[in-house]
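Quick notes on the structure that follows.
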Amino acid sequence: MLGISVIIAVCVCVVAQDPEEPVSYTCTDGYEYDPVRQACKDIDECVIVTDACKGGMQCYNHFGGYLCLPPNAQIYQNSPNPPVRIPMPLTSYFNLFADIDECTMGRHTCSQDQICYNTRGSFLCHCQPGYQKSSDRCVDRDECLLSHYCMHRCVNTPGSYYCECNSGYQLASNNHSCVDVNECQVSQPCQHQCYNLMGSFICQCNQGYELAPDSVSCVDIDECAFSTYMCQYACINSPGEYSCTCPEGYQLHGTRMCQDINECETGHECREEEMCWNYFGGYRCYPLNPCQEPYTRTSENRCVCQSTSVCRGLPQSVVYKYMSIHSERAIPADIFQIQATNIYPNTHNTFRIRAGNEGGEFFLRRSSNVSAMLVLIKSLVGPLELIVDLEMITYHTVTNYRTSSLLRLTIVVGPYTF
């Protein structure tokens, strides 16, 4: 008759030397300390271990462990009841207690790419992590086709996988999520100004520059090439900007316009007996007394012939006037008005261009009995000086007397259109 041996648990009590330290107790495997009884008690593995026995075997608890036996197994127990016979050979009964570790003893059938796991009474063959069974072989598990949790892209590798991020992102610390890369701080790709975007960035250039085809470099904008109207005279391009200049005799007004400098006010080199006449882009010196024999000066720029006999056939008076016009002035244009200074009754006035119109640049249009308008009918290109004599002939209808006066107009055409 075979009896089950009882494993007596030994309770080892360790009493701390320091009375203030808590007392700890250690029991052997399969036992736990009972604070009520103050002793080690057996753990019922059949109750607390889920599926302790496999393959239809039944769990039997005993001191310090448990047994997995067939459901029809009968065992002898130390009890007052009559003993029950186990219907199996003695050697088979002992095999139930001593499991054979096929994995350690090399008595398994797992292939080299598989891992052997020992079980009670048997063993299991599992594939390496990242592989799965296909028939009796282990093949790579494509995690990218399953639930891989990669935020952007999944790349399968033998036995594993890894995640990749789109351009402008990088893997987070969990190796699955993707976070934006601030390229403006990391690599400073822009030549001038960089603005970070989600997954990308954008470059902007300073004023006066524009993005090059590579979208990161900046090239100078040649503002002068945009239009000839950027500056009134000359445009000078420089990196990131441009400036306007004016010719001699002019000064810059604002940022693009040119304004004539009145040299007669700012400084000239005319002599004392000369007067300074400013024109567009320069100045000229003319005699203070332009009168020539037989004329004498009676007032500023006015010459009168005092002798009737000497001045027979000549204008009674000559007035000197000066004017300045731009080069290439639009035509036709009214540029100067001649008018009688004295109006007498019973007189009739006619007007004509006596000299200085050999090229047909002018036309004199009579406005009334006492005035006429000089009209420019041909465009003039400067620098140029023209002297035009405008004559007014007066007829006395009662006395049948005729007199004339002359206006000598000096026209200075500036070298520029402004």
Step through it carefully: locate the ring centre of Y286, locate the ring centre of W277, and say whether they are under 6.0 Å apart.
no

Testing the basics here: between A372 and R366, what is the closest heavy-atom pair and its distance to 0.1 Å?
CB-CA, 4.0 Å

So C303 and Y320, do their side chains get closer than 4.5 Å, heavy atoms only?
yes

One should read off an interatomic distance between C165 SG and R153 CZ, to the nearest 0.5 angstrom, of 7.5 Å

Return the minimal non-hydrogen interatomic distance between I331 and I377, and the atom names on each side.
CD1-O, 3.3 Å

Atom CG of L376 and atom CD1 of I325: how far apart are they, to the nearest 0.5 Å?
5.5 Å

It should be assessed whether the SG atoms of C68 and C53 lie less than 2.5 angstrom apart.
yes

What pair of heavy atoms forms the shortest contact from C27 to E32, and how long is it?
SG-C, 3.8 Å

Rounded to the nearest 0.5 angstrom, the OG-CZ distance for S243 and R256 is 14.0 Å

Gap separating the SG atom of C231 from the CD atom of E223, nearest 0.5 angstrom
9.5 Å

Minimum heavy-atom distance between L124 and C110, given as atom pair plus value
O-SG, 4.0 Å

With disulfide (SG to SG under 2.5 Å) as the criterion, how do C190 and C203 come out once you've worked through the C-alpha distance, each side chain's angles and the decisive distance to 0.1 Å?
CA-CA 6 Å; C190 301; C203 297; 1.8 Å; yes

Rounded to the nearest 0.5 Å, how far does CD of Q316 lie from SG of C305?
8.5 Å

Between I411 and F362, is there a side-chain heavy-atom distance shorter than 4.5 Å?
yes

With side chain to side chain donor-acceptor pair (under 3.5 Å) as the criterion, how do E328 and T417 come out once you've worked through the C-alpha distance, each side chain's angles and the decisive distance to 0.1 Å?
CA-CA 6 Å; E328 301 180 37; T417 59; over 6 Å; no

If I take atom CD1 from residue I100 and atom CD from residue E102, how far apart are they, to the nearest 0.5 angstrom?
6.5 Å

Quick check: Y233 with Y416 (ring centres under 6.0 Å apart)?
yes

Side chains of D113 and Y131 in contact at under 4.5 Å (non-hydrogen atoms)
no

Over 60° means perpendicular and under 30° means parallel, so tell me whether H152 and Y169 are parallel, tilted or perpendicular.
perpendicular

